[in-house]
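Working notes, structure below.
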Amino acid sequence: MYKKITLSLFLFALLIGCVADKDFNAPKDNCTELTTNATYVDLENITTGEIVKVLDNIIIEGYVVSSDIENNFFGTIHIQDKAENPTIGIQFLVDTRDYHLNYRNGEKVFIKLKDLYIAKKNESYVIGGVFTSFGNKSVGRLPSLQVKEHLFSSCNTTIVTATKTSITSLEDYMVNTLVEIENLEFIEEELNLTFAESKEETERTLKDCLGNQIKLINSGYSDFADNVLPINNGSVTAVLIKDKNELKLQIRSIKDLNFINDRCPPIVTEYTSTAVFISEIADPDNNAGARFIELYNNSGEPLDLNNWKLNRYTNANTEISSSIDLSGYVINAKSTLVISPNATEFTSVYGFAPDISVSTNSPADSNGDDNLELVDPFGGVIDLFGVIGEDGSNTNHEFEDGKAERKDSVTKSNSNFTFNEWIIFNDTGENGTSKIPQIAPTDFTPGIR
């Protein structure tokens with residue numbers, strides 16, 4: 001008898017040991033087919049955001065798109081309304097481990113909502129039990145024994161087609177559904193890191209070839225937590241999550257990453273061009289608050305001003321007195337970029353807001369006797385107004401109480417100040433300038449070349 005028991009245990013252990021895949025297709029005896037009587041659209045009638053206990057016998061169906069097979073999901077089953085082209089997803093909070101054995105990825109399931117709690121969050125729904133903290137109720141994990149009373153497997157597994165999209169095309173209605181984004185890679189700063197810190201939820205950053213970024217959520221308890229991030233580029237299939245008002249991705253398995261392509265070529269955001277130049281500088285006689293400086297792009301394509309600078313040399317200074325970093329701005333083709341040191345007053349006077357609002361005493365706040373230069377990302381002076389080291393008073397580059405306007409015949413920048421390229425008004429009329437103080441808004445044309 002003892003030998004028979006020992007042999008039986010040995011054979012059982014051998015059988016278990018031969019199962020390498022945690023998701024082996026063991027037969028299931030809990031398959032159920034229910035008749036649904038509601039759609040996800042009907043959930044709008046149950047809750048508008050506040051937590052609500054469902055009292056009616058409502059049954060809906062959907063498709064499981066998450067899995068805890070590699071322990072990257074814990075306590076959350078994500079279910080979308082259709083196997084392809086879903087319109088909404090549900091997050092079911094459960095206190096159940098290894099739920100992938102009963103609710104497999106792609107499996108059609110039925111949900112009995114009666115006595116569950118539901119709330120709408122981020123254009124999707126969260127269901128489960130109830131959690132109370134300091135008198136406030138929220139949806140919490142449903143105890144394990146109750147899960148089987150509300151979530152039923154049909155045992156019919158289908159191929160759930162991930163919605164192909166891009167980082168910039170993600171929308172809230174996709175939350176809790178399966179998406180696929182191609183041409184992604186981990187940012188350079190993280191390439192030597194693992195997917196997650198031990199026992200800690202960790203975020204890693206993915207980017208596309210245009211520089212758009214999205215976070216990937218990884219559990220420190222996942223089977224792949226210690227794996228080093230792949231260096232190549234490829235596609236990511238993941239459940240879309242919204243966490244702290246930010247869209248993020250969460251993979252079910254390391255197999256959800258298909259990084260077989262070369263990395264994106266470097267993104268060049270620093271350009272130089274002689275097509276950009278200073279087109280108007282304003283110091284209105286009647287309103288110092290209406291000062292501005294205008295740049296113009298004479299080319300046929302937009303120009304990223306990343307790391308471009310506009311410098312001011314006050315009076316006869318030979319060192320930069322103030323500077324404007326133009327990073328983050330793009331000047332469109334055949335268009336202007338208007339910079340104001342007093343956006344409120346500018347808007348009141350000219351009837352529209354400036355493109356850039358800066359501080360007083362900046363290059364856009366010159367009182368008419370200063371010198372200005374436009375510098376490209378590589379330190380080269382692209383355009384210059386005035387003579388650095390020379391106070392502009394009573395010179396051919398004074399525009400006090402007036403303006404300096406580039407002639408229409410000028411089509412490119414000039415790193416040397418050339419008086420003949422400008423029409424200059426002021427209150428002195430020295431050295432070929434016009435002694436005609438300018439009044440805002442009548443005598444100025446910000447935004448018009």
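The first residue in the sequence is number 1, and the count goes up from there.
Looking at heavy atoms from C-beta onward, Ile217 lies in side-chain contact with Glu201 at the 4.5 angstrom threshold.
For the residue pair Asp223/Asn71, the side-chain donor-acceptor check at 3.5 Å is satisfied. A donor and an acceptor atom, one from each side chain of Glu33 and Asn156, are located under 3.5 Å apart. Under 3.5 Å, the side chains of Ser323 and Asn311 contain a donor-acceptor pair of N or O atoms. A donor-acceptor pair shorter than 3.5 Å can be found between the side chains of Asn307 and Glu270. With hydrogens and angles left out, the side-chain atoms of Thr87 and Asp81 include a donor and acceptor closer than 3.5 Å. When only modelled atom types and interatomic distance are considered, Thr205 and Lys215 share a side-chain donor-acceptor pair under 3.5 Å. Counted by atom type alone, Ser322 and Asn361 present zero donor-acceptor pairs between their side chains at under 3.5 Å.
For Arg449 and Asp408, the salt-bridge test passes: some basic side-chain N is under 4.0 Å from an acidic carboxylate O. A salt bridge links Lys120 to Glu44: at least one charged side-chain nitrogen sits closer than 4.0 Å to a carboxylate oxygen. Ion pairing of Glu280 with Arg406 is absent here, as no side-chain N (NZ or NE/NH1/NH2) approaches a carboxylate O to less than 4.0 Å. Here Lys407 does not pair with Glu421 in a salt bridge; the nearest charged N to carboxylate O distance is not below 4.0 Å. Ion pairing between a basic and an acidic side chain is recognised when a charged N comes within 4.0 Å of a carboxylate O; Asp283 and Lys403 show no such pairing.
Annotation: Ile187, atom CD1; neighbour count of heavy atoms from other residues, nucleotides and ligands within 6.0 Å is above 12. Heavy-atom neighbours of Glu50 CD from other residues, nucleotides or ligands within 6.0 Å: at or below the threshold of 12. Heavy atoms from other residues, nucleotides or ligands lying under 6.0 Å from NZ of Lys334 number more than 12.
Listed by first then second residue, pairs satisfying ring-ring contact (aromatic ring centres under 6.0 Å, His included) with a partner in residues 229-276 read Phe186-Phe259, not counting sequence neighbours.
Distance check: Glu203 CD to Ile214 CD1 gives 10.5 Å after rounding to the nearest 0.5 Å.
Phe385 has its ring centre less than 6.0 Å from the ring centre of Trp422. In this structure, His78 has its ring center closer than 6.0 angstrom to the ring center of Phe73.
Aromatic ring orientation, Tyr350 versus Phe346: tilted (interplanar angle from 30° to 60°).
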Scan the side chains in residues 143-152 for donor-acceptor partners under 3.5 Å anywhere in the protein, sequence neighbours excluded, and list what turns up.
| from | atom 1 | to | atom 2 | distance (Å) |
| --- | --- | --- | --- | --- |
| His150 | ND1 | Lys112 | O | 2.8 |
| His150 | ND1 | Lys114 | O | 3.4 |

Using the rule given for ring pair (Phe, Tyr, Trp, His ring centres under 6.0 Å), can you reason through Phe417 versus His397, listing the C-alpha separation, both sets of side-chain angles and the distance that settles it, and then say yes or no?
CA-CA 9 Å; Phe417 175 66; His397 55 92; 5.8 Å; yes
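Partner Leu295 forms a side-chain contact (heavy atoms from CB on, under 4.5 Å) with one of Leu303, Leu374, Thr336 and no other, that one being Leu374.
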